[in-house]
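By convention in this document, chain letters (A, B, ...) are assigned in the order of the sequence lines, proteins followed by strands, and residues within each chain are numbered from 1.
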Amino acid sequence: MSDSKSYRFQEIEAKWQKRWVENQLYRVDIQEDKPKYYTLDMFPYPSGSGLHVGHPLGYIASDIVSRYKRLNGFNVLHPMGYDAFGLPAEQYAIQTGQHPAVTTEANIKRFREQLDKMGFSYDWNRQVKTCDPNYYQWTQWIFSLFFTHWYNKNKACAEPIENLIAFFESEGNQNINAHSPYSERFTSNDWNAYGAEKQMEILNHYRLAFIDETTVNWCAELGTVLANEEVVNGVSERGGYPVIRKKMKQWSLRITAYADRLLSGLDTIDWSDSIKEIQRNWIGRSEGAEIDFNVSQTGHALRVFTTRPDTLFGATYMVIAPEHELLQDICSEEQRGSVIAYAEKAKNRSEIDRMADTSKTGVFTGAYAINPFTNLEIPVWTSDYVLASYGTGAIMAVPAHDERDFEFAKTFDLPITAVIKPENEEITLPLTEALSSKEGVCFESGFLNGLNVKDAIVKAIQEIENRGIGTKKINYKLREAGFGRQRYWGEPFPITYKNDQPELVKQLPVELPEVESYKPTGTGESPLAAVSEWVNSAEGMRETDTMPGWAGSSWYFLRYTDPNNLEAFASKEALSYWKNVDLYVGGSEHATGHLLYSRFWTKFLYDLGYLSWDEPFQKLVNQGMIMGEDGQKMSKRWGNVVNPDDVCEQYGADTLRLYEMFLGPLEDSKPWNTNGIEGVSRFLGKFWRLFYNNEAFSVTDEKATEEELKILHKTIKKITEDIPKMSFNTSVSAFMMCVNDLTSLKCHKREVLEPLLILLAPFAPHITEELWEQLGRTESIHTATWPDYNEDYIKENAFTYPVSINGKMRTQLTLPVNMNKEDVEKEVLANEVVLKWTEGKAPKKVIVVPNRIVNVVI
RNA sequence: GCUCGGGUGGCGGAACUGGUAGACGCGCAGGACUUAAAAUCCUGUUCCCAUUAGGGAGUACGGGUUCGAUUCCCGUCCCGAGCACCA
């Protein structure tokens with residue numbers, strides 16, 4: 001807008017966007033003689049509504065870093081693509097009958113047009129689309145690897161299933177330390193005597209991709225199961241539909257094998273504390289013990305998990321989950337009726353209900369177990385406050401030292417025995433609340449008496465192990481990752497079934513067939529099940545589930561290194577040159593989904609020797625949200641969406657880029673303010689006028705003054721320090737100050753302006769390229785060399801001291817920088833303002849911090 | 001409830017390792033140029049008192065350490081994010 005006579009941003013931006021494509025300026029290839037840098041944006045899901053100004057925030061930031069790194073001699077990989085499989089396109093297909101591939105392609109086209117207008121330095125030759133068979137055949141291939149590997153805990157590494165089979169043939173499973181829920185023991189003779197079917201069934205419990213009858217989050221409205229992180233507060237993340245728990249045959253990935261490494265790896269990567277914390281909580285590691293309690297007169301033992309074996313003397317009852325497999329076996333005849341009724345009720349209780357209502361319900365099973373430390377009989381109850389899916393599905397209840405147990409004991413009038421008290425303090429009985437603190441000492445606890453909690457835990461576990469009634473145990477909240485969706489628009493599994501046993505399809509890709517209807521069947525089968533000629537293929541009967549949305553995004557960063565490779569997911573050369581992502585920019589909402597799964601897949605591929613690193617994203621930055629002008633989230637619903645196309649049209653891409661960066665720190669959420677953009681727009685106009693006086697190019701070859709060089713070099717220093725910190729808002733102010741100063745000095749000198757152009761080039765690539773050309777440069781500014789700053793130009797020879805009286809600034813005094821403390825003090829005390837305050841009296845104290853401050857205490 | 005962030009003018013936000021609080025921009029007020037407008041430029045702008053000079057208060061609130069605290073420590077309140085019967 002500003003000075004449109006001369007700075008015609010629309011012309012300039014279109015001209016350079018076209019020329020950069022023609023010259024393939026952003027194309028990158030392996031250059032062994034140059035250091036690499038890999039900058040990545042979270043690739044978008046191409047939705048029907050296009051981009052709003054919030055989306056490019058992170059893209060602009062990573063583009064600035066990419067350009068900065070290039071100017072500093074790095075070979076920068078900075079790709080973009082599309083996470084193109086997923087529910088919205090399919091929901092749209094159901095409504096309109098249009099093929100998801102068609103609408104997805106149209107959306108991609110629109111996204112691309114929007115992205116192109118903002119002047120990003122993506123190498124579009126490397127674009128990936130997860131719904132492209134050339135891409136998803138490798139997603140299927142990686143799945144095949146999961147299927148054909150197991151996890152060797154001794155080596156903390158995935159290994160081929162053939163190794164495991166060989167082991168079973170020679171030794172059975174007695175000495176194998178695999179990550180597997182399979183608890184039965186067999187010898188080599190047993191194994192060799194098993195039929196092929198039985199063998200396959202056993203192997204299924206060891207494979208890292210396995211099929212199993214599991215409890216899933218079933219969303220009837222969406223007609224599919226959902227992963228744990230796709231369910232929020234008991235309803236589906238997409239659409240907010242109710243989700244119930246249902247048993248279903250289901251593909252899963254054995255992510256729990258990697259729980260420990262996913263946890264410890266967090267210490268080696270540069271991510272925000274909040275994201276690391278979210279992942280730590282999600283993995284949920286807790287140390288404790290598993291202990292067996294014998295159930296009187298049944299011959300059964302109940303195994304519990306506890307983190308507080310030190311409180312075992314206070315375990316006055318037990319609770320097992322309503323879904324616990326021994327429930328029916330241990331319950332007494334008198335209680336059977338009410339136990340079954342309760343279990344049935346609990347089963348049908350929805351997740352929302354369960355979460356909304358935390359009051360305690362339950363039923364006595366009629367069974368008694370023996371507390372192994374007190375040898376007392378304690379009642380066994382069943383209640384839904386004990387989760388079947390965590391630990392062993394059974395607990396020893398210590399009401400005195402656990403809030404939930406306390407509440408339950410109060411509700412059903414069960415005994416409460418305190419065994420831990422705060423050190424050097426007495427407690428009053430009966431307790432009015434649970435003492436759940438991990439501080440304190442044991443009492444009434446036999447051999448544990450007098451020990452503090454920490455030592456008592458160690459000693460209790462020792463005793464438990466000595467008596468052979470349990471072991472030390474580490475438990476995780478992390479569940480296996482459900483990997484099947486009963487939907488159309490996803491990767492088909494490379495799986496067929498023979499006698500109900502899954503087999504791999506060798507010929508990839510297994511392509512998605514055409515279907516009549518995209519509607520979920522509602523029976524729990526995907527729309528693919530209706531395509532009988534596809535299901536009953538020559539290769540066998542196909543799996544009709546498809547993979548979840550996160551399958552393709554779990555490894556896309558690897559494909560960018562070599563996107564068109566037909567022989568491999570990426571070549572060894574490409575992977576060993578580009579390695580992992582140096583800087584990953586994206587939203588924090590993927591903390592427990594994409595970011596965790598990508599780490600998991602990377603570690604797995606590392607185990608198999610395909611990668612030489614085991615963390616995909618070395619540094620992660622989460623950009624904040626840009627809100628609407630009304631402070632609400634930007635969405636169609638509120639009618640507050642600002643479209644980047646419109647901003648580019650009105651102010652230009654360079655202004656948009658600068659303004660988004662100027663808005664505030666990258667990580668913060670902040671509202672869009674249309675007025676604010678004028679300031680940045682004016683700045684670029686002012687910048688332009690350093691080069692142009694109306695239509696006349698007015699740059700001179702005059703020698704720069706000391707003052708001008710000082711301004712320039714201060715700016716070089718500031719920008720060079722800010723970009724690696726990603727402090728772009730302060731960079732933009734530094735540019736503004738620099739341009740204001742140069743304007744006041746009427747400086748139009750090439751010696752100053754040329755380096756300044758390079759500094760601004762990562763932020764505003766078009767205007768700088770245009771002016772660079774006007775300066776007579778024939779090579780692109782984006783291939784120039786970043787300027788160094790010279791301390792000599794920045795050095796001051798005088799410093800203006802703020803002079804404080806009792807810590808409050810009263811006057812200023814300019815003195816030479818090399819003046820010693822004593823002389824500074826003398827000068828200050830002779831100052832008339834200071835004399836006024838001291839009233840002739842000697843000050844109590846004078847603090848002189850050279851070239852900082854003077855404080856006079858009176 | 002627990003964990004992690006955060007609270008600075010009318011607004012977005014700056015402030016190195018404890019050293020001039022409010023940079024830069026928006027907005028607002030006044031002015032210059034112009035027949036007029038746009039564009040551009042200049043001046044002022046934390047609040048209160050004062051014509052000025054100047055003074056007082058001030059970084060959510062209350063205390064503390066220090067010559068000096070937005071910054072460090074303790075307590076309280078509020079906002080945001082995450083977790084939420086995980087034994």
Whichever of A:S274 and A:K718 has the more 5' nearest nucleotide on RNA chain B, that residue is A:S274
The residue, A:W837 or A:K725, whose nearest nucleotide of RNA chain B is more 5′ is A:K725
Assign [X] to base, sugar-phosphate, or nothing according to its heavy-atom contacts below 4.0 angstrom with the strands shown.
| X | result |
| --- | --- |
| A:W271 | nothing |
| A:R810 | sugar-phosphate |
| A:T307 | sugar-phosphate |
| A:D405 | nothing |
| A:I278 | sugar-phosphate |
| A:S389 | nothing |
| A:K473 | nothing |
| A:N855 | base |
| A:I395 | base |
| A:E407 | nothing |
| A:K360 | base |

Out of [options], which has the shortest distance to the side chain of [X]?
| X | options | value |
| --- | --- | --- |
| A:K477 | B:G54, B:A14, B:C83 | B:C83 |
| A:D384 | B:G58, B:C85, B:A14 | B:C85 |
| A:I847 | B:G19, B:C85, B:G25 | B:G19 |
| A:S733 | B:U40, B:U20, B:C24 | B:C24 |
| A:Q812 | B:A57, B:C41, B:U20 | B:U20 |
| A:M736 | B:A14, B:A21, B:G25 | B:G25 |

Do the rings of [X] and [Y] sit parallel, tilted or perpendicular, given the 30° and 60° boundaries?
| X | Y | value |
| --- | --- | --- |
| A:W672 | A:Y659 | perpendicular |
| A:F408 | A:W381 | perpendicular |
| A:H594 | A:H590 | perpendicular |
| A:F735 | A:F763 | perpendicular |

Across every strand shown, the nucleotide meeting Watson-Crick or G-U wobble geometry with B:G82 (both distances under 3.5 Å) is B:C2
Mate of B:C24 across any strand shown (Watson-Crick or G-U wobble, both atom pairs under 3.5 Å) is B:G12
Say you pick atom [atom1] in [N] and the same atom in [M]; how far apart are they, in whole Å?
| N | M | atom1 | result |
| --- | --- | --- | --- |
| B:G30 | B:U20 | C1' | 28 Å |
| B:C33 | B:A39 | C1' | 11 Å |
| B:G22 | B:U8 | C1' | 8 Å |
| B:G10 | B:C4 | P | 32 Å |

Answer yes or no: does a side-chain N or O of [X] lie under 4.0 Å from OP1 or OP2 of [N]?
| X | N | result |
| --- | --- | --- |
| A:K836 | B:G55 | yes |
| A:S804 | B:U20 | no |
| A:R280 | B:C4 | no |
| A:K670 | B:G12 | no |
| A:N740 | B:G25 | yes |

Between [atom2] on [N] and [atom1] on [X], what's the gap in Å once rounded to a whole number?
| X | N | atom1 | atom2 | value |
| --- | --- | --- | --- | --- |
| A:M627 | B:A81 | CE | P | 8 Å |
| A:R303 | B:A87 | CZ | P | 18 Å |
| A:Y7 | B:A39 | OH | P | 17 Å |
| A:Y390 | B:C83 | OH | P | 17 Å |
| A:N675 | B:G13 | CG | P | 16 Å |
| A:E678 | B:A39 | CD | P | 8 Å |
| A:L387 | B:A84 | CG | P | 11 Å |
| A:E323 | B:C85 | CD | C1' | 13 Å |

Answer yes or no: side-chain N or O of [X] and base N or O of [N] forming a donor-acceptor pair under 3.5 Å.
| X | N | result |
| --- | --- | --- |
| A:R852 | B:C16 | yes |
| A:E277 | B:U3 | no |
| A:N281 | B:C83 | no |

Its glycosidic angle compared against 90° from 0, B:G9 adopts the form syn
Does the side chain of A:Y385 pick up a donor-acceptor pair with the side chain of A:T361 at under 3.5 Å?
no
Q) Can you tell me if A:E678 and A:Y651 form a side-chain donor-acceptor pair at under 3.5 Å? A) yes
Closest non-hydrogen contact found for A:N371 with A:F373 is OD1-N, 2.8 Å
The salt bridge (charged side-chain N to carboxylate O under 4.0 Å, His left out) partner of A:R280 among A:D267, A:D260, A:D273 is A:D267
